[in-house]
Amino acid sequence: MTKAVILGTGSFLPDRILTNAELEQMVETSDEWIRTRTGIGARHIAGSHEPLYKVAAQAGKRALDAAGLAPEDVDLLILATVSPHMIMPSTACFVQAELGTVNAFAYDISAACAGFLFGVDMASKYIAAQPDMKVLVIGAENLSTRINWQDRNTCVLFGDGAGAAVLSGAEGERGILDSRLYTDGRLWHLLYTEGPPSMNKDLQLPGWKGPFIQMNGAELFKNAVRLMEGAVKKLLAAHHLTISDIDLMLPHQANIRIINNLRERLAVPEDKVFINLDRCGNTSSASIPIAMDEVAREGRLHPGDLVLMCTFGAGLAWGALLLRW
Ligand SMILES: CC(C)(COP(=O)(O)OP(=O)(O)OC[C@H]1O[C@@H](n2cnc3c(N)ncnc32)[C@H](O)[C@@H]1OP(=O)(O)O)[C@@H](O)C(=O)NCCC(=O)NCCS
C-alpha cells in the first residue's frame, strides 16, 4: 500500500542561547525553579538577522539536502506556525522565496504546538491522492517575538527554532501509518496570543493585554496529560498495537513533568522517550520536527522502527501520529 514516507529531515536553532541564569537577571525567578518545574535549562533566541522565514528556510534546506532533492522538486510547502513573519502574506510564501521552491504552492497552517502533526497529516492525504508529490512540511517559531519578557509565568518556557521533513509516496511498510487529531475551541482561553488592536475602533476587543502569549499553566498541564494519553491510546488500539510495540516516543517538548506524567500513565520506559527540552525549551510547532531530526541524525532511528509522536497546545489542539521509520 502506498504511504507517505519521510525522505529527509532538517532542523535549525539560532546560535544565541538564553540561559536560566540570564533570566534570573530579567525576572523574579531562579534556575532551580525553572529546572524543577519545567525541565528547561536553556532556549535558543532568534536575532534581528533571523526573521521567522529564514529560520524556517534553514530547516527546510537541511531536510531537502538530506533527501537529496533540489528546491525545484517541491510541489507543496506547508508551514506550521503561530508566530508568523506577517499577518499577510503567509510566511510559507516568504520561505518559498528564500528557498527557491518555485514549483510549489505554499501556505501556513495554525495549530500551535500540534501544527507539525496537522501538517504531516495533511501532507500524507495529498500524497495518498498523488503519490509522486513531494511535500515539505516545516514547523517554525520565533516565539521570543510574542513573549512579554516581564512575565515570569511564560518567558521562561519558550524558545525559537524550526524543524522540517520532506515526504513523498512509496509502496511498502514504511511511512506515516495513521494519526488522530483533535481540537476543542471551548478551551481557547487557556493559551492565546492576541494580535495588534483592530484599526476599526468598533471592533477592538475590551481589555487588550498586548500581543503576548497569555497562559493558564495549571489547567493546561492537566489537559495536556489527559488529552495526549487519550489520543495515544485510541491510535494504538485502532492498530491493535501496545506501548511495547513502540521503539521511540517523540512527545511535544513543553514540560518534563508533563512528559513524565504521560510516560508513567502509558507505561513507556524512560529510554524510549526523547527529550531535548532542557536545551531548546518549548518551540511549539517546531518541537517535534526538531526532535525527529536530532534522533535521525544521532542514528537512533533504524529502518522499520515504530515511532509515536504526540502533542498538545493552544486551541486546544492535540493529537498523536504513528510512523514506521
Ligand atoms: C507553568 C508551569 C511550569 C507552572 O508550574 P506549577 O507547578 O503549575 O506552578 P504554579 O502555577 O502552581 O505556580 C506556583 C508559583 O510559582 C510562580 N511562578 C510562575 N512562574 C515562575 C517562575 N518563572 N519563577 C518563579 N516562580 C514562578 C507562580 O507565580 C506561583 O506563585 P504564587 O503561588 O505566589 O502565585 C506549569 O503549570 C506548566 O508547565 N504548565 C503547562 C504550560 C505549558 O506547557 N504551556 C505550553 C503548552 S504547549
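First listed ligand is number 1; within each ligand, the first listed atom is number 1.
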Cut-off 3.5 Å, no hydrogens considered: what does the side-chain donor-acceptor table look like for residues 217-229, sequence neighbours left out?
unit_1: E219; atom_1: OE2; unit_2: K222; atom_2: NZ; d: 2.8
unit_1: N223; atom_1: OD1; unit_2: R226; atom_2: NH2; d: 2.6
unit_1: N223; atom_1: ND2; unit_2: E219; atom_2: O; d: 2.9
unit_1: E229; atom_1: OE1; unit_2: R265; atom_2: NH1; d: 2.8
unit_1: E229; atom_1: OE2; unit_2: K233; atom_2: NZ; d: 2.7

Heavy atoms from other residues, nucleotides or ligands near [atom1] of [X] exceed 12 (cutoff 6.0 Å):
| X | atom1 | result |
| --- | --- | --- |
| E270 | CD | no |
| K3 | NZ | yes |
| D15 | CG | no |

Compile the protein residues with any heavy atom at a distance under 4.0 Å from an atom of ligand 1; present them by chain, then by number.
E28, T29, W33, R37, T38, C113, R152, N153, V156, L191, M215, G217, A218, L220, F221, H252, A254, N255, R257, I258, N282, F312, G313

Just one of I290, L13, T283, L250 clears the side chain to side chain contact (heavy atoms under 4.5 Å, CB included) bar with N276, so which one?
I290

Once the angle between the rings of Y182 and W318 is folded into 0 to 90°, is it parallel (under 30°), tilted (30 to 60°) or perpendicular (over 60°)?
parallel

